[in-house]
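Notes follow once the structure below has been shown.
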There are 2 protein chains.
Amino acid sequence: MRSLLIKNAINEGKEEDILVIDNKIHKIDSDIIYQADKTIDGKGKWIIPGFINMHTHAAMTLMRGIGEDMYLKEWLEDKIWPVEQKLDDELVYWGTKLACLEMVKTGTTTFNDQYWRVPAAIKAVEEAGLRSVQPFVILDLLDLSKSSKIKEDCEALFQESKTWSDLHKFAIGIHSPYSVSEEMIVWGSEYARSRGLLLHIHLSETEWENSESIKKHGVSPTAYLDKLGVLGPEVIAAHSLWLSDSDIEILANKGVTVVHNINSNLKIASGFKFRYNEMRDAGINVTIGTDGCASSNNLDMLEAMKTAALVQKAWRYDPTSLPINELMKLSTTNGGKALGIKTGKIEEGWLADFSLIDIDNYAFTPNINFYANLIYSANSSCIDTVICDGKIVMENRIVPGELETINNVNRLYKKLL
Amino acid sequence: MRSLLIKNAINEGKEEDILVIDNKIHKIDSDIIYQADKTIDGKGKWIIPGFINMHTHAAMTLMRGIGEDMYLKEWLEDKIWPVEQKLDDELVYWGTKLACLEMVKTGTTTFNDQYWRVPAAIKAVEEAGLRSVQPFVILDLLDLSKSSKIKEDCEALFQESKTWSDLHKFAIGIHSPYSVSEEMIVWGSEYARSRGLLLHIHLSETEWENSESIKKHGVSPTAYLDKLGVLGPEVIAAHSLWLSDSDIEILANKGVTVVHNINSNLKIASGFKFRYNEMRDAGINVTIGTDGCASSNNLDMLEAMKTAALVQKAWRYDPTSLPINELMKLSTTNGGKALGIKTGKIEEGWLADFSLIDIDNYAFTPNINFYANLIYSANSSCIDTVICDGKIVMENRIVPGELETINNVNRLYKKLL
């Protein structure tokens, strides 16, 4: 039995002690006397749930800054795809190590990944002590000759996933409705549903994707997936930027979770009118992700939250859109709900995944509104200490092995260029 | 004669030494031998010019987080204006101290201010060692009975400004075309022009302002100011969000500088389609500002640069818009040009205003593209050391007196609530 005691942290404005036993928040009270294995002085520090990054491609940290200010087609064809051909296990391992380092530093404790070479990635995430959902990615580029190999590889990874620690879930990733054959979309969906797995898919990221779908299938990507019987509460749809009223109704009725990836959408100029209000009002579980570093350049959830709120207010010409309290839910509880993990709340019985925020600096001065300061004024360097699954993954901004990761990535990335 | 030597810093990708004599960059070379008063080891650190924040209301740091997610009218009437009535010299002094602390921490060395109680503000800026332009603000709310008092106060501040150090310029601030009487706009403009002063004005921040101007004057705010003979190369127009083609042509012809204040515009939902490409192509000197902390919550130029680039790409559906090299100019050289100060370049003979950037962290890994990492991946906590006018204002992220400023603001701001 492990124990960790946080003394005098500020929880929703009130100074409290938090006792963690094993991996859960055991007790929250004003003065807990307990001989814990480790005690942290939380005096003057606010406690917030660990962020849940609901859509990323972790190892793409390796491609940070590889193509800037470019059109999507040239960016993919000249920069991203040629580089991805050169990836090996060592690169994915160190790229994921770097991603985990960045997530810890920016207060993310759980992430929903979608990338290649999962066994190499899982090793990195286990070492970092973070939670993740790792999918087998189905991407056949409409070439059915690849089907049997894909099915075999998927089953092999599913079997291997049984050796992973409890911090990780295996999932099915279907790249997108336009890049995967109907047969394999249906196969992946049935594989996921019959085994109780999550299904992670890119959906309506671009206007082009919508018009292609209508050309080919006569309906929107959402309606197409619905027709194939794919949509359900296990589905996590990234981007979902170009949804009609009817698409929103379908996603709401099927209980699909949507991930807003604002920085990536803005930077590649895929679109910016994410229909948050309509989705929320329809009852869709909306969450936030950063996307991978090739497009969004960082994995900073706090930055993604700020940009999401600002742009939502702007394009609606309504400064009351996406207020702070809703924003916090999007990046914490809504993510946990989607992934079926009891993370995202500072409450007894919940997983001990949280951060301590240092407010003794200009960004939190004056301290009139903590959450406004956190989201609109500060940057993620205010995150001082991070706990995941009851274990300290960063204390006083120090992450063990940080320089080794940076040095190894700086040594290896040149293989990709 | 003061001297400061930076050894082995990275300047545009090349390791160089920088010798500062008094307040200027005296020499840049690969190996400078000089017995300087102070030597800084810049090994592995990039050098960039200090940012120039071209539109802010420094002491409004006091109102950080005071009104969130609100409509403009209620925000002003219920939050901002009542609070501003309670300001005194002590509050403006500490509010400006806090602003300067934040600017130093985020790499800004020069700012173009517009606020009340300038003598209290100047004292704070002098102590911080930053450069500023401080205006006398004309705001008569169309009440001509205030004219003679305003003229007297303006002249008194102008006389007092002669006692300021060389780091500061006196200017005329005209609040906006809609809040100041025609008589006082013309008077302020003539006062500025006859004395060689800059003129700082809010222009076309909202659609409402434009339609009111057309109702009252039959023309846009820009055309109205032009008709009054106000526009010229000394004019710095903040926001300039709702400009027609003809407005842009007028501003270009008159040599007016425009300040883009993206975060404030997004958050208050004033608009987001800042017509950067059209202004640049017309030859307008475009710059970047943060606005005050009441609306934008921070004074972080790096964040403003990132948001400006992302939103410009997004609303134009063109990821090549506002590329990194243009963005850097907007926040450095273009600002210096507007203010008539030789700051914003790392070149011999230019003012020694610069920052050293720590790249030994996740945000700069891999280091494929330094400026992409700086703007799109990092946050301002990468700014390690800041020099202004040849003096160190922050070293290793330590600013003298930091806690005293934070404590005093936290003690005093309650007087405003």
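Chain A is the first sequence line, chain B the second, and so forth, proteins listed ahead of strands; every chain is numbered from 1.
- A perpendicular orientation is assigned to the rings of B:Phe272 and A:Phe272, their planes being inclined by more than 60° (bins at 30° and 60°).
- Heavy atoms closer than 4.5 Å to chain B are found in the side chain of A:Lys105, but not in its backbone.
- One distance of note links OH of B:Tyr413 with OG1 of A:Thr365; it measures 9.5 Å at 0.5 Å rounding.
- When B:Ser296, B:Pro366, B:Ala372 are compared by the number of non-hydrogen pairs under 4.5 Å with chain A, B:Pro366 comes out ahead.
- There is no contact between A:Leu299 and chain B, counting heavy-atom distances below 4.5 Å.
- Interface remark: A:Asn373 contributes side-chain atoms only to the contact with chain B (heavy atom separation under 4.5 Å).
- Of all the listed residues (B:Thr307, B:Asp360, B:Val311), the one sharing the greatest number of non-hydrogen pairs under 4.5 Å with chain A is B:Asp360.
- By number of non-hydrogen pairs under 4.5 angstrom with chain B, the leading residue of A:Ser270, A:Ser377, A:Ala363, A:Gly65 is A:Ser377.
- Residue B:Ile262 does not touch chain A at all, counting heavy-atom pairs closer than 4.5 Å.
- Neither the backbone nor the side chain of B:Thr405 comes within less than 4.5 Å of any heavy atom in chain A.
- In this structure, chain B has a heavy atom under 4.5 Å from the side chain of A:Lys306, while its backbone stays farther away.
- For a residue to count as touching a neighbouring chain, one of its non-hydrogen atoms must lie under 4.5 Å from one of that chain's; by this rule A:Trp75 does not touch chain B.
- Taking B:Lys414, B:Glu402, B:Glu303 one by one and counting their heavy-atom pairs under 4.5 Å with chain A, the maximum is reached by B:Glu303.
- Among B:Leu101, B:Leu266, B:Asn263, B:Asn361, the residue with the largest count of heavy-atom pairs under 4.5 Å with chain A is B:Leu266.
- Per-residue counts of heavy-atom pairs under 4.5 Å with chain B were compared for A:Asp69, A:Leu403, A:Ile66, A:Ile368; the largest is that of A:Asp69.
- Of the two parts of A:Thr290, neither the backbone nor the side chain holds a non-hydrogen atom closer than 4.5 Å to a non-hydrogen atom of chain B.
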Exercise. Start with the C-alpha distance between A:Asp300 and B:Asn379, add both sets of side-chain angles, then the distance that settles side-chain contact (heavy atoms from CB on, under 4.5 Å), and finish with yes or no.
Key: CA-CA 10 Å; A:Asp300 191 326; B:Asn379 59 49; 4.3 Å; yes
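- Atoms CZ and OG, on B:Arg397 and A:Ser381 in that order, are 6.5 Å from each other to the nearest 0.5 Å.
- For B:Ser295, no part lies near chain A; criterion is any non-hydrogen pair under 4.5 Å.
- The parts of A:Ile324 that come within reach of chain B are both its backbone and its side chain, each placing non-hydrogen atoms under 4.5 angstrom from that chain.
- Atoms CD and CG, from A:Glu68 and B:Asn369 in turn, are 5.5 Å apart once rounded to the nearest 0.5 Å.
- For a residue to count as touching a neighbouring chain, one of its non-hydrogen atoms must lie under 4.5 Å from one of that chain's; by this rule A:Tyr376 touches chain B with backbone and side chain alike.
- Heavy atoms closer than 4.5 Å to chain B are found nowhere in A:Ala309, neither backbone nor side chain.
- Listed options A:Met70, A:Lys273, A:Arg316, A:Glu207 were ranked by heavy-atom pairs under 4.5 angstrom with chain B; first place goes to A:Met70.
- Separation of atoms CD1 (B:Ile359) and CD1 (A:Ile406) is listed at 10.0 Å; rounding is to 0.5 Å.
- Going from atom CG of A:Asn297 over to atom CG of B:Leu374 covers 11.5 Å, rounded to the nearest 0.5 Å.
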